Undergrad: 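Quick one: structure below, then a few questions.
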Amino acid sequence: MPLMLQDPPLIRRALIAGALLVLGILLVVPLAAVFTEALRLGLGTALTALTEPDALHAILLTVLMAAICVPLNLVFGLAASWAVAKHDFWGKSLLVTLIDLPFSVSPVIAGLMLVMVFGLHSFLGGLLEGWGLQVIFALPGMVLATLFITFPFVARELIPAMQATGREEEQAAYLLGANGWQILWRVTLPNVRWALLYGVLLCNARAMGEFGAVSVVSGHIRGETNTIPLQVEILYNEYNFVAAFALAAVLTLLALLTLSAKSVIEWQVRRQRAHPEAERLTNRVPLHQLPR
Amino acid sequence: MSATASLPLATAPGRYRGGGLPGFGLSLGYTVTSLTLVVLIPLAVGLWQATDLGWGGFWHAVTQPRVLAALRLSFVTAAIAGAVNAAVGVLLAWVLTRYPFPGRRVVDALIDLPFALPTAVAGIALTSVYAPNGWIGQLCAPLGLRIAFTPLGIGLALIFVGLPFAVRTVQPVLENLDQELEEAAATLGASRLQTLWRVVLPAIWPAVLTGFALAFGRGVGEYGSVIFIAGNMPLKTEIAPLLIVTKLEQFDYAGATAIAVVMLVIAFLCLLAINLLQRWAGRRAGLA
């Protein structure tokens, strides 16, 4: 940096200290509090709280939610980004706005809308109930709520990444006789793999941690429709703080893992940008070697 | 083989049509269908049911004192938190882009924590720290400052969830800001403060506004991180999303939907404002 743009060391240190102070009281202290509260009565007690039947069921249900929602999101994200980034069509910006819509809807409102559509008082809810399928206060409603909230996550990461790589490589592969799936698998995905991974990780973190929307549609039935965040709320409201924070610590570790993965991914992308040719040579089949 | 690849696209044999790649119909069809099923139909049907209320019923539902207080609390605290976030966001983005210091990458990664951490976890963690017997609450209590279970606590939770939006919109703009502009200003005799005020601030202003709008929009609808620290006293510390949940639990579907409609309309206006801001920012950047 040129000398004239360097701020005096005193100001520089004051600003860095201010930034660290804000992050400290806003992020670091609460983060430390989660683990301190969880381990207040020792690791053994915390682990026992995690292996209670209700807690185990909540963990299982949370993993199940992610296992259903993440693949569905992945397919949607791939389809949406392939359509938006690799083609031109009328109404594209409207479609992108609609994909982003769940970001600007409060999770509670998302849950409320599902209750209005599928609740027992509604026409559709009554009809489905007659067929023996309960949506609200049951797993299907929770899956729908989580899907609604996480819907833009993968697409949001993939669309800019696919737009940035352009279309020439795909067009060349097409001319050389590759079909759509071959192009996707061998040309497009290797180019956007880091964005894809980050989108999936974010989607997974949100699917496991979603609270507001799932809370509205779940009915809080213990040992049946409680995911980890809902179980945390119940335990906390019962003043069972150690158990609540033990479960919260599991989700916090997941969040920290997601953040570390993001840092590694950003580092990889930066390396890729610094040496694009080396990256191509080591990791990708050159275009002229594609099977015909 | 290289001869085939170098053929102009228009004269390529057979299957190449109008610059299009395969799979357009399938991918667009799947996108639109699933978006309609998962997002659009629930929103449309839910809102359509709100029309059962009629204009009079809607007006009656949203003008109850408890509803008005909750809406006012949600929007005012979200606006204040958004403004604080905008300021803090500029500070953090500036420090992260301009000053190398040990641990900068860890700090940079940590900024996204509120985005990755489940809101319920954030809620109980903030409450335990800022409650009168918590680590920081203890220090504030002798000063007569109560944070948890007051609107101040709500604001704090909203600052927490909005932080990544404020930082991440300003940070790339500062990174890409041409430092030659600042050099030129300095060469022409501007003081550092003048340079910041006249050169840097105008360049990042649209991003700051966008960050504010995103944090505000997120804050208005936030639920999980707020309900633990808020205390949830009707008329005092009860946010609008919580009132929706309360009304739902009392099977007052119409009342719940009426609040949701008001919030959705304002959220939509925010989205519109963000788009206009971005367009305006893009035009300004294009002119510069």
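Bear in mind that the values here come from a model prediction, so they are computed numbers and not experimental data. Letters go in sequence order (proteins before strands), and every chain restarts at 1.
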Undergrad: As an exercise: rank A:V115, A:L254, A:V34, A:L259 by heavy-atom pairs under 4.5 Å with chain B and give me the winner.
TA: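 Greatest number of close heavy-atom pairs with chain B: A:L259.
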Undergrad: Below 4.5 Å from any heavy atom of chain A, which atoms of B:W94 appear? Answer side chain, backbone, both or neither.
TA: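 Looking at B:W94, just its side chain touches chain A.
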Undergrad: Please classify the contact of A:L202 with chain B as side chain, backbone, both or neither, using a heavy-atom distance under 4.5 Å.
TA: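 Answer is side chain: those atoms of A:L202 sit under 4.5 Å from chain B.
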Undergrad: Taking every non-hydrogen pair under 4.5 Å, which of A:G111, A:A79, A:G209 racks up the most with chain B?
TA: A:A79
Undergrad: Please check this pair: side chain of A:T150 against backbone of A:A207, looking for a donor-acceptor N/O pair closer than 3.5 Å.
TA: no
Undergrad: Evaluate B:Y130 against B:W135 for side-chain hydrogen bond (donor to acceptor under 3.5 Å, both in side chains), listing each step before the verdict.
TA: CA-CA 7 Å; B:Y130 287 94; B:W135 290 342; over 6 Å; no
Undergrad: Name the region of A:V84, side chain, backbone, both or neither, that has any atom closer than 4.5 Å to a heavy atom of chain B.
TA: neither
Undergrad: With the side chain counted from C-beta on, respond yes when A:T146 and A:V214 share a heavy-atom pair under 4.5 Å apart, and no when they do not.
TA: yes
Undergrad: Using heavy-atom distances under 4.5 Å, tell me whether A:F148 contacts chain B through its side chain, its backbone, both, or neither.
TA: both
Undergrad: Between A:L20 and chain B, which part of the residue has a heavy atom less than 4.5 Å away: side chain, backbone, both or neither?
TA: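 The side chain, not the backbone.
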Undergrad: Out of curiosity, A:E170 CD to A:Q182 CD, how far, rounded to the nearest 0.5 Å?
TA: 13.5 Å
Undergrad: Which of the residues A:G212, A:S260, A:P107, A:A80 is involved in the greatest number of heavy-atom pairs with chain B at under 4.5 angstrom?
TA: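 Counting heavy-atom pairs under 4.5 Å, the top option is A:A80.
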Undergrad: At a 4.5 Å cut-off on heavy atoms, which part of A:L31 comes close to chain B: side chain, backbone, both, or neither?
TA: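 The answer is the side chain of A:L31.
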Undergrad: Just give me the residue among B:G221, B:A256, B:G29 that pairs up with chain A most often, heavy atom to heavy atom, under 4.5 Å.
TA: B:G221
Undergrad: Where on A:T36 is there a heavy atom nearer than 4.5 Å to chain B: the side chain, the backbone, both, or neither?
TA: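 Contact with chain B involves the side chain of A:T36 alone.
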Undergrad: Run the numbers on A:Y236 and B:F228 for ring pair (Phe, Tyr, Trp, His ring centres under 6.0 Å), then give the verdict.
TA: CA-CA 9 Å; A:Y236 187 87; B:F228 296 99; 5.4 Å; yes
Undergrad: Report which part of A:L23 has an atom under 4.5 Å of a heavy atom belonging to chain B: side chain, backbone, both, or neither.
TA: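 A:L23 touches chain B through side-chain heavy atoms alone.
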Undergrad: Please rank B:L117, B:V39, B:L92, B:L28 by heavy-atom pairs under 4.5 Å with chain A and give me the top one.
TA: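 Ranked by contacts with chain A, first place is B:V39.
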Undergrad: Could you check whether any side-chain N or O of B:D178 sits under 3.5 Å from a backbone N or O of B:L181, counting only pairs where one atom can act as donor and the other as acceptor?
TA: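 Not at all, since once roles are kept as given, no pair shorter than 3.5 Å links the two residues.
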Undergrad: At a heavy-atom separation under 4.5 Å, does A:A32 approach chain B through its side chain, its backbone, both, or neither?
TA: both
Undergrad: Chain B: which of A:L230, A:N237, A:I109 shares the most heavy-atom pairs with it under 4.5 Å?
TA: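 Heavy-atom pairs under 4.5 Å are most numerous for A:I109.
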Undergrad: Based on non-hydrogen pairs under 4.5 Å, which of A:V232, A:L98, A:L144 is most in contact with chain B?
TA: A:L98
Undergrad: What part of A:I183 is in contact with chain B, defined as an atom under 4.5 angstrom from a non-hydrogen atom: side chain, backbone, both or neither?
TA: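 Interface part for A:I183: side chain.
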Undergrad: Chain B heavy atoms under 4.5 Å from A:L256: which part of the residue, side chain, backbone, both or neither?
TA: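 For A:L256, side-chain heavy atoms alone lie under 4.5 Å from chain B.
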Undergrad: Chain A: which of B:V106, B:L26, B:T257 shares the most heavy-atom pairs with it under 4.5 Å?
TA: B:T257
Undergrad: What residues of residues 87-94 of chain A make heavy-atom contacts with chain B at a cutoff under 4.5 angstrom?
TA: A:H87, A:F89
Undergrad: Identify which part of B:F101 has an atom lying under 4.5 Å from any heavy atom of chain A, answering side chain, backbone, both or neither.
TA: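 For B:F101, the side chain is the part near chain A, not the backbone.
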Undergrad: About how many Å separate OG1 of A:T97 and CZ of A:F103, when rounded to the nearest 0.5 Å?
TA: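 Separation between the atoms: 13.0 Å.
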Undergrad: With a 4.5 Å cut-off on heavy-atom pairs, point out which of B:L43, B:T119, B:V45, B:L126 contacts chain A the most.
TA: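 Top option by heavy-atom pairs under 4.5 Å: B:L43.
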Undergrad: Among B:I227, B:V129, B:I124, B:L110, which residue has the highest count of heavy-atom pairs closer than 4.5 Å to chain A?
TA: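 The candidate making the most pairs under 4.5 Å is B:I124.
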Undergrad: Taking every non-hydrogen pair under 4.5 Å, which of B:G103, B:S34, B:G217, B:G224 racks up the most with chain A?
TA: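 It is B:S34.
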Undergrad: Taking every heavy-atom pair that is under 4.5 Å apart, which of A:I99, A:V105, A:V29, A:L247 has the most such pairs with chain B?
TA: A:V29
